[in-house]
Amino acid sequence: MNNSIKLTDDVYWVGVNDKETDLFESLWPLPEGIAYNSYIIEDEKIALIDSVKINYNDTFLEKIKNVIGEKKVDYLIINHMEPDHSGSIKSLRQAYPEMEIIGNTKTMGFLEGFYNITEGTRVVKEGDQVDLGSRKLTFYLTPMVHWPETMMTFDEKDKILFAGDAFGGFSSLNGFLFDDEVNIEQYKDEIRRYYSNIIGKYGPVVHNTIKKLKEKIDKIEMIGSTHGLVWRENPMHIVEEYDKWAKQETEEGVVVVYGSMYGNTKAMAEAVARSLSENGIENIKLFDVSRKHSSFIINDIWKYNGLIIGSCTYNTGIFPPMEYLLQSLEIRNLKDRTLGIFGSYSWSGGALGRLKAFQKEVSCKPVEPVIESKFSPDSNTFEQCYELGKNAAEAVKNACEC
Ligand code: FEO
């Protein structure tokens, strides 16, 4: 998609699609790509809102020119300084030397640190406005969604909230831009995967930010994030989804994730999963932690209210890929799940101790029995696995009835 797209008479999307990057932040797989959204408002003054990753400078500048021709950009508004959005700032400054760069106090530290830019800037505070002629833009500071300098910009005329990373998602824009142009259900997993992995640690901040926006802004007609869809048919849908994820509200289902070297822990996990199914759980996700990237596992953990984790022992401790997942969940303050654990070992224990510490660390409801198997699981171990599945099924069903 090389052309700009109109949001309203004077507002255009001039973002780019990235289908070349394999790992976002060198961490997160992008099987569906990602979009870096930027918007331009052509009023008496011209304002550009956020920029794009450095790799796409040329395309980006061309798109801007396609909208405004030989006119100049008066303002660059920076809602977020992470380089997937700020990478083009230096090129923009070269193309439009008189362009004023607008951000908050914290923005300026990043601007100098990343790009050595200290001049031609304007610092704004909560509620400050810039006048473009027929409209004013109002700034709302939203620190830690998910960096300290993050803010949002509201177009008072067209009622568009330019939200930075908030309300965004993975996946490039495959010909579409607006929520009413796609089957949103197809993209929900990639949106939740983005939320749970990139923003998920800051859930309470997201919840409070949403509360503040609802108090301060009467009506939002459209939401333009820096990633993913523009929400115009039902902008509050994505706000409510983000709020739900921020509060860790879940639906009925169980994620079973295991680490297994030679199939013994896998066999226990499969027994637990079978028991869940026999006991009426329809949404079961069974993951091999070595073979499924943690971001996809975390996405489903953010969706469902049950989690059962099993791990083999490795070098007297827990299996390393499982340790990474446990730390990822601890960092994100996982809570309010039914949580079962089981471990296995041959010549030295270790995995179960770490799983017990995890169970203590997170605010989840433990489910019995806690199982530990030595060497291959025997019939007694499998009976316990069935018991764990049965008890977990009852717990998640009861939790959803509450
Ligand atoms: Fe899309 Fe936080 O950068």
Side-chain angles (χ1 to χ4, degrees), residues 13-39 48-57 59-60 76-92 101-104 106-111 113-115 139-153 161-173 177 187 190-206 209-210 223-231 238-239 241-242 245-246 295 298-299 302 328 331-332:
W13 174 87
V14 287
V16 297
N17 283 302
D18 180 354
K19 283 188 174 292
E20 293 78 37
T21 298
D22 297 320
L23 293 173
F24 183 69
E25 295 179 343
S26 283
L27 284 171
W28 317 107
L30 293 173
E32 306 298 332
I34 192 163
Y36 311 115
N37 294 336
S38 168
Y39 306 89
L48 187 62
I49 298 175
D50 292 311
S51 77
V52 302
K53 195 173 169 183
I54 194 166
N55 313 41
Y56 300 92
N57 274 344
T59 309
F60 182 49
L76 169 64
I77 291 155
I78 303 176
N79 286 324
H80 184 25
M81 274 298 296
E82 194 163 358
D84 53 330
H85 310 294
S86 65
S88 295
I89 290 178
K90 277 186 113 166
S91 299
L92 282 167
I101 300 177
I102 297 178
N104 58 69
K106 292 201 174 100
T107 314
M108 299 306 157
F110 285 85
L111 196 57
F114 277 141
Y115 306 113
F139 305 107
Y140 296 99
L141 271 52
T142 58
M144 298 320 298
V145 182
H146 61 129
W147 275 27
E149 87 301 352
T150 47
M151 66 179 204
M152 298 188 190
T153 300
L161 180 68
F162 300 101
D165 277 352
F167 314 124
F170 288 134
S171 179
S172 57
L173 300 162
L177 176 65
Y187 294 93
E190 280 300 86
I191 299 170
R192 194 191 313 97
R193 189 167 70 91
Y194 176 83
Y195 173 82
S196 54
N197 286 281
I198 309 299
I199 317 269
K201 173 176 163 52
Y202 306 99
V205 182
V206 173
T209 299
I210 288 171
I223 292 178
S225 169
T226 39
H227 299 290
L229 298 170
V230 171
W231 301 83
I238 191 63
V239 174
E241 287 291 282
Y242 256 62
W245 299 330
S295 65
I298 289 169
N299 172 45
W302 236 254
S328 300
I331 286 165
R332 287 165 179 76

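Keep in mind the model is a prediction, meaning the values are calculated, not measured. Counting convention: from 1, in listed order, for ligands and their atoms alike.
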> Checking one value in my table: which N/O/S atom of D84 lies closest to atom 1 (Fe) of ligand 1?
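Sorting the N, O and S atoms of D84 by distance to atom 1 (Fe) of ligand 1 puts OD2 first.
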> Strictly distance-based, threshold 3.5 Å: is any side-chain N or O of Y242 a donor or acceptor partner for the main-chain N or O of G168?
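Confirmed, Y242 side chain pairs with G168 backbone.
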> So, applying side-chain hydrogen bond (donor to acceptor under 3.5 Å, both in side chains) with H80, which one of T226, T142, D165, T150 is it?
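With H80 as partner, T226, T142, D165, T150 yield a single side-chain hydrogen bond (donor to acceptor under 3.5 Å, both in side chains), made by D165.
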> When the ring centroid of F110 is compared with that of W147, is the distance short of 6.0 Å?
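Distance test on ring centres: under 6.0 Å, yes.
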> Is the distance between atom 2 (Fe) of ligand 1 and the nearest N/O/S atom of E82 smaller than 2.8 Å?
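Yes, E82 qualifies, because one of its backbone or side-chain N, O or S atoms lies under 2.8 Å.
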> Test your reading of the model: is there a side-chain donor-acceptor pair from S171 to the backbone of I34, 3.5 Å cut-off?
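Pair absent, no side-chain N/O of S171 close to backbone of I34.
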> Return yes when at least one N/O/S atom of H80 is nearer than 2.8 Å to atom 1 (Fe) of ligand 1, and no when none is.
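H80 does not place any N, O or S atom closer than 2.8 Å to atom 1 (Fe) of ligand 1.
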> Which single N/O/S atom of H227 lies at minimum distance from atom 1 (Fe) of ligand 1?
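Within H227, restricted to N, O or S, atom 1 (Fe) of ligand 1 is closest to atom NE2.
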> So Y36 and Y56, would you call those rings parallel, tilted or perpendicular, with 30° and 60° as cut-offs?
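Tilted, since the angle between the ring planes falls between 30° and 60°.
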> Do any N/O/S atoms of H85 come under 2.8 Å of atom 2 (Fe) of ligand 1?
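It does not; every qualifying atom lies at 2.8 Å or beyond.
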> Suppose you place the vertex at atom 2 (Fe) of ligand 1; what is the angle out to H146 NE2 and D165 OD2, to 10°?
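Rounding to the nearest 10 degrees gives 80°.
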